Amino acid sequence: MDLSLSTRTVGDRTIVEVGGEIDVYTAPKLREQLVELVNDGSYHLVVDMEGVDFLDSTGLGVLVGGLKRVRAHEGSLRLVCNQERILKIFRITGLTKVFPIHTSVDEAVAATD
Amino acid sequence: MDLSLSTRTVGDRTIVEVGGEIDVYTAPKLREQLVELVNDGSYHLVVDMEGVDFLDSTGLGVLVGGLKRVRAHEGSLRLVCNQERILKIFRITGLTKVFPIHTSVDEAVAATD
Amino acid sequence: MPTVELLFSAQPEHVRTARLVAAAVARRAGVDEAALDEVRLAVGEACSRAVGLHRSNGVEAPVRVMLNEDEKKFSIEVADEVPGNASGGSPDAGADDAADDEGEMGLAVISGLVDDVEVIEGAAGGVIRMSWPTPAV
Amino acid sequence: MPTVELLFSAQPEHVRTARLVAAAVARRAGVDEAALDEVRLAVGEACSRAVGLHRSNGVEAPVRVMLNEDEKKFSIEVADEVPGNASGGSPDAGADDAADDEGEMGLAVISGLVDDVEVIEGAAGGVIRMSWPTPAV
Ligand SMILES: Nc1ncnc2c1ncn2[C@@H]1O[C@H](COP(=O)(O)OP(=O)(O)O)[C@@H](O)[C@H]1O
Ligand SMILES: Nc1ncnc2c1ncn2[C@@H]1O[C@H](COP(=O)(O)OP(=O)(O)O)[C@@H](O)[C@H]1O
């Protein structure tokens with residue numbers, strides 16, 4: 001399955017809903033989307049990964065890149081994910097310490113650290 | 001998907017319901033089934049192909065083999081098939097002239113030529 | 001160089017792998033959704049035939065499937081390593097009638113199904129070459 | 001001789017084909033259903049890394065994936081043709097930091113995921129070798 005992307009705003013947050021496979025083939029599309037959002041001035045992103053079937057390290061790299069970008073603007077990048085097999089990949093790579101990971105979009109939108 | 005096989009009798013006919021893929025890998029199982037039925041004295045077979053997802057020439061070969069076996073006992077082998085992509089394979093190989101093909105098990109059971 | 005190449009030992013179960021790969025790569029290459037069934041069946045037939053030839057002739061080498069994306073077409077070559085005219089010339093031709101019949105039926109299916117097909121019998125083995133149009137990008 | 005071998009030109013879209021083939025053959029070989037996600041991810045990582053190495057080093061040769069069914073295990077080797085220590089020694093190492101980082105993250109995922117894994121850097125290229133147990137038949 002290919003990657004699907006849709007965005008919406010809730011208050012000052014921009015929700016990026018991702019579906020399908022984030023891999024070496026589709027990750028560039030996600031990168032473009034994140035770059036575009038930051039260029040357009042959206043610095044508080046919530047990436048909803050509930051519809052993601054597959055995530056590899058290329059996808060992780062894009063998320064890390066997004067985080068660097070929003071941080072350059074004092075922004076935030078929060079993830080929403082409840083899928084064990086996806087969470088496992090963040091855990092293995094130590095990225096659970098880098099990304100705030102939430103169990104719902106509402107929780108992510110409400111969070112301020 | 002693998003091959004599934006189930007048999008039942010209706011009057012003097014034996015219905016063989018086939019599901020899944022009949023190909024070079026699974027065709028031997030179908031061959032065994034047909035040989036066993038004929039050895040057990042079932043000479044009037046109806047092969048229900050409605051659940052078949054894939055059929056190749058190895059499968060055709062097994063059906064032709066079955067036909068030869070039942071004919072040696074003055075028997076019959078009828079097919080039930082409504083799927084265009086499966087029918088196409090019988091047509092291409094000229095086997096529509098060799099097998100009586102019916103649109104339902106009832107029709108096949110009632111048929112006497 | 002083919003875009004994707006699959007080699008497999010002459011075992012019936014790998015024919016499924018070949019079908020799976022051919023259909024996936026053909027879809028990606030833009031072959032019409034309605035033709036994917038054709039691709040699957042034709043590749044399966046060509047591979048089953050090659051597997052049968054390798055087995056009945058005791059050939060240890062793998063069967064090869066080459067998938068090529070060209071500008072206007074997607075082509076598949078299935079190569080066996082049984083030399084000469086395969087259906088007549090196998091050493092134990094007498095014992096192998098059934099296998100040969102099936103091989104010939106397989107060729108009949110392929111020719112009936114695929115518009116652009118070519119069967120080449122060479123000294124190094126046979127090749128079945130098939131192609132399907134893809135949309136211009 | 002591997003049971004199944006896949007060769008593909010170093011393009012990202014073929015990594016999907018490799019994942020698909022590896023998972024299908026692993027399933028058939030009897031690898032535990034729960035481990036198939038692991039197989040898919042690990043092969044994807046190894047192939048993405050190889051594709052990245054081939055592309056950043058201008059290597060035209062295909063990436064090779066070998067799938068082996070042994071008695072007690074199913075093993076996969078992913079081979080690239082970029083010689084030497086891949087992450088340090090690439091000619092344009094400076095420009096390729098991002099690609100290298102991703103390659104290293106890929107290796108981290110594989111090592112974290114797969115119990116039996118070996119990374120070999122040779123003069124002819126690198127090989128990532130992984131295996132999973134299969135039930136005794
Ligand atoms: N290169 C490929 N190799 C293997 N499988 C593929 C490949 N490309 C697509 N697929 C499979 O084909 C299906 C649909 O592919 P996808 O790329 O999502 O097309 P679409 O965008 O039309 O949905 C999915 O099941 C996917 O796993
Ligand atoms: N050798 C193979 N190559 C490719 N796909 C395969 C292979 N074997 C099985 N599959 C695929 O795996 C799935 C299940 O395989 P199957 O053989 O039917 O197993 P089961 O008998 O457990 O259902 C199917 O989608 C089938 O297409």
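What you are looking at is a predicted structure, and each value in this text was computed from that prediction instead of being measured.
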Worksheet item: Does a side-chain heavy-atom distance below 4.5 Å link D/V21 with C/L20?
Response: no
Practice prompt. Return yes when atom CG of C/D37 has more than 12 non-hydrogen atoms of other residues, nucleotides or ligands closer than 6.0 Å, and no otherwise.
Written response: yes
Worksheet item: To the nearest 0.5 Å, how far apart are CD in D/E13 and CD in C/E69?
Response: 6.5 Å
Discussion item. With rounding to the nearest 0.5 angstrom, report the CE to CG distance, C/M66 to D/L7.
Written reply: 10.5 Å
Item to complete: Determine, step by step, whether D/V4 and C/L6 satisfy the side chain to side chain contact (heavy atoms under 4.5 Å, CB included) criterion, reporting the C-alpha distance in whole Å, the side-chain angles of both residues, the deciding distance to 0.1 Å, and the verdict.
Response: CA-CA 7 Å; D/V4 175; C/L6 183 78; 3.6 Å; yes
